Amino acid sequence: MTNFVEELRWRGMLHDIMPNTEEKLNEGMTSGYIGFDPTADSLHVGHLTQIMTLIHFQNAGHKPFALVGGATGMVGDPSGKSDERNLQTPEMIEHNLKGMKAQLSKFLKFEEGGNGAVMVNNADWFKDMNLFTFIRDVGKHITVNYMMAKDSVKRRLEGDSGLSFTEFCYQLIQGYDFYHLWKNENCLVQMGGSDQWGNIVTGTELIRRKDAGTAYAITTQLIKKADGTKFGKTESGAVWLDPAKTSPFKFYQFWLNASDDDVKKWIRIFTLKTQQEIEALEAEHNAAPHLRILQKALAEDITIKTHAAEALETAIKTSEFLFGNGSLAFLSGLTADQVLDIFEGIPQYQIAAAELNAGIDAASLLAEKSAIFPSKGEAKKTIQGGGVSVNKEKVADMSQIFNSDHLINDKFIVVQKGKKNYFLLIAE
């Protein structure tokens with residue numbers, strides 16, 4: 001076994017820890033859990049800190065439980081939120097749970113016996129519990145004064161939106177989750193982000209008051225970007241782990257675009273590289289920052305872990321194509337949707353397939369059939385200066401003919417004006 005808490009500590013992940021927790025973990029294999037609410041059918045990079053925490057927990061010889069909140073997902077956690085979440089239907093939650101289970105299975109070793117990971121759903125123990133049973137067996141042990149003292153409750157009561165009774169009860173529900181797993185699965189530790197400390201401690205308090213038991217708590221740092229913007233968000237929204245929501249190329253680019261300040265923290269948190277490996281990479285990076293050695297190491301590691309080596313290869317080839325001198329031959333192996341995803345945000349023009357079959361000269365293609373140039377004169381000037389490429393080949397002159405033979409995947413033509421300005425022509 002290795003020291004799990006020390007692993008979190010040197011990686012800069014540890015935030016709070018209940019007294020005697022580290023000592024308890026060092027006694028031998030211990031069961032612990034983290035909860036994930038099914039607010040969508042995919043996890044996103046904001047969940048990766050907790051996923052990595054469970055990976056480290058398992059690698060240290062402990063037994064991880066991943067709790068998916070089939071019940072709590074119907075309520076919504078007020079921690080860190082300024083407004084109440086929209087309530088979801090049971091059908092929506094069931095759909096979301098399936099997606100989350102599949103993703104968590106990529107990161108954790110789910111196997112029988114030993115310290116194999118276990119997935120549990122709190123709907124299994126809440127589905128048959130009625131209100132009167134809950135307020136008698138749970139509510140009587142935690143006072144309103146205790147619940148009101150929590151920061152997550154105070155902030156909402158002081159804000160404009162207030163706090164509904166539904167969300168006020170959330171800490172009791174999460175507390176009972178901990179109690180149930182402690183009682184039935186010998187789960188002694190609950191882990192989570194630092195905003196979960198209040199909810200986790202409510203669980204340890206319930207265990208103490210209800211059964212005179214002892215349980216433990218660990219929270220990790222909330223990830224913040226050096227520039228103050230929210231981690232895990234881009235201009236187009238959240239960065240998802242589902243390749244259908246965020247392509248492996250965009251996922252790879254998210255990590256590749258990390259600032260030097262951020263990447264030095266993130267490579268410790270989001271990879272399993274050892275301290276010696278990271279320090280060696282940092283030395284290389286500091287010697288030649290322009291090569292972005294840390295960013296590439298982080299992006300490659302997390303893309304393989306989340307998707308696959310093949311997805312990383314496609315992401316790298318796409319990056320080389322768009323930002324370097326890479327070949328576009330790999331595009332022929334992608335689906336039409338994957339090609340469109342790569343060129344999202346890049347100007348696109350529809351070209352009639354029948355006209356393209358007959359052949360279109362370069363000037364007409366670039367200035368009339370599309371608006372890449374405002375006029376044929378502008379197109380001619382840039383072509384003569386060697387500034388236009390079609391499918392990565394320089395256009396020789398404005399009378400050069402392009403037809404359906406030039407289509408990639410029988411559908412696309414890629415035009416490049418200068419070094420960085422791309423356009424996508426789509427034959428319809």
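Note that the structure is predicted; figures quoted are calculated from it, not measured.
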Can [X] and [Y] be counted as having a side-chain donor-acceptor contact under 3.5 angstrom?
X      : Y      : answer
His285 : Asp260 : yes
Thr202 : Gln174 : no
Gln50  : Thr220 : yes
Ser319 : Gln253 : yes

Do Tyr179 and Tyr176 have ring centres separated by under 6.0 Å?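 They qualify: ring centres under 6.0 Å apart.
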Between [X] (side chain only) and [Y] (backbone N and O only), is there a donor and an acceptor less than 3.5 Å apart?
X      : Y      : result
Lys369 : Ile351 : no
Asn121 : Gly70  : yes
Ser247 : Lys245 : no
Asn409 : Leu331 : yes
Gln58  : Asn115 : yes
Ser194 : Thr219 : no
Asp262 : Lys225 : no
Asp41  : Gly99  : no
Gln295 : Ala258 : yes

Do the charged groups of Glu27 and Lys24 touch, with an N to O distance under 4.0 Å? yes
Quick check for you: to the nearest 0.5 Å, what is the distance between [X] atom [atom1] and [Y] atom [atom2]?
X      : Y      : atom1 : atom2 : value
Ile293 : Leu298 : CD1   : CG    : 14.0 Å
Ile346 : Leu424 : CD1   : CG    : 7.5 Å
His180 : Phe126 : NE2   : CZ    : 9.0 Å
Asp242 : Thr306 : CG    : OG1   : 11.5 Å
Asp37  : Ile93  : CG    : CD1   : 8.5 Å
Ile135 : Lys140 : CD1   : NZ    : 11.5 Å

Exceeds 12 heavy-atom contacts within 6.0 angstrom, atom [atom1] of [X]:
X      : atom1 : answer
Lys106 : NZ    : yes
Lys392 : NZ    : yes
Glu428 : CD    : yes

Validation row: [X], [Y] side chains within 4.5 angstrom (heavy atoms):
X      : Y      : result
Val201 : Met18  : yes
Leu340 : Gln348 : yes
Ile413 : Asn391 : yes
Tyr422 : Val415 : no
Leu157 : Met148 : yes
Leu25  : Glu22  : no
Trp255 : Val239 : no
Thr204 : Trp182 : no

So which atom in [X] and which in [Y] form the shortest heavy-atom distance, rounded to 0.1 Å?
X      : Y      : value
Ala117 : Leu108 : CB-CB, 3.9 Å
Val118 : Lys63  : CG2-CE, 3.8 Å
Thr274 : Glu277 : N-OE1, 2.8 Å
Val388 : Thr382 : CG2-CG2, 3.6 Å
Phe65  : Cys187 : CD1-SG, 3.7 Å
Leu365 : Ser370 : O-OG, 2.7 Å

Decide side-chain contact (heavy atoms from CB on, under 4.5 Å) for Leu222 and Phe231; before the verdict, give the C-alpha distance in whole Å, the side-chain angles of both, and the deciding distance to 0.1 Å. CA-CA 9 Å; Leu222 294 182; Phe231 171 74; over 6 Å; no
Any chance you could lay out the side-chain contact (heavy atoms from CB on, under 4.5 Å) test for Val263 and Arg292, step after step, and finish with the verdict? CA-CA 10 Å; Val263 77; Arg292 302 181 69 77; over 6 Å; no
Please identify which of these residues, Leu48, Leu104, Thr246, meets the side-chain contact (heavy atoms from CB on, under 4.5 Å) condition with Leu241. Leu48
Using 30° and 60° as the class limits, which term best fits the ring planes of Phe270 and Trp266: parallel, tilted or perpendicular? perpendicular
Applying the salt bridge (Lys or Arg N to Asp or Glu O under 4.0 Å) criterion to Glu282, which one of Lys264, Lys265, Arg268 satisfies it?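 Exactly one option meets the salt bridge (Lys or Arg N to Asp or Glu O under 4.0 Å) with Glu282, and it is Arg268.
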According to the ring-ring contact (aromatic ring centres under 6.0 Å, His included) rule, which pairs have a member within residues 5-44, sequence neighbours left out?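 Listed by first then second residue: Tyr33-Phe178, His44-His47, His44-Trp240.
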Walk me through it: do Arg208 and Glu205 pass the test salt bridge (charged side-chain N to carboxylate O under 4.0 Å, His left out)? CA-CA 5 Å; Arg208 186 186 70 81; Glu205 189 67 9; 2.6 Å; yes
Could you pull out all residues at least two apart from His141 that satisfy side-chain contact (heavy atoms from CB on, under 4.5 Å)?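 Once residues adjacent in sequence are excluded, the partners of His141 under the side-chain contact (heavy atoms from CB on, under 4.5 Å) criterion are Leu206, Arg209, Lys210.
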Under the side-chain contact (heavy atoms from CB on, under 4.5 Å) test, residues paired with His56 that sit two or more places apart: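 Checked His56 against side-chain contact (heavy atoms from CB on, under 4.5 Å); matches are Phe4, Glu7, Leu8, Arg11, Met13, Met52, Leu272.
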Take Phe107 and Leu54 through the side-chain contact (heavy atoms from CB on, under 4.5 Å) test and state the conclusion after the steps. CA-CA 9 Å; Phe107 295 92; Leu54 286 179; over 6 Å; no
Could you please spell out the steps behind the side-chain contact (heavy atoms from CB on, under 4.5 Å) verdict for Leu14 and Ile218? CA-CA 8 Å; Leu14 187 66; Ile218 296 174; 3.8 Å; yes
Just checking, Lys417 and Phe373: is the charged tip under 6.0 Å from the six-membered ring centre and within 45° of the axis? yes
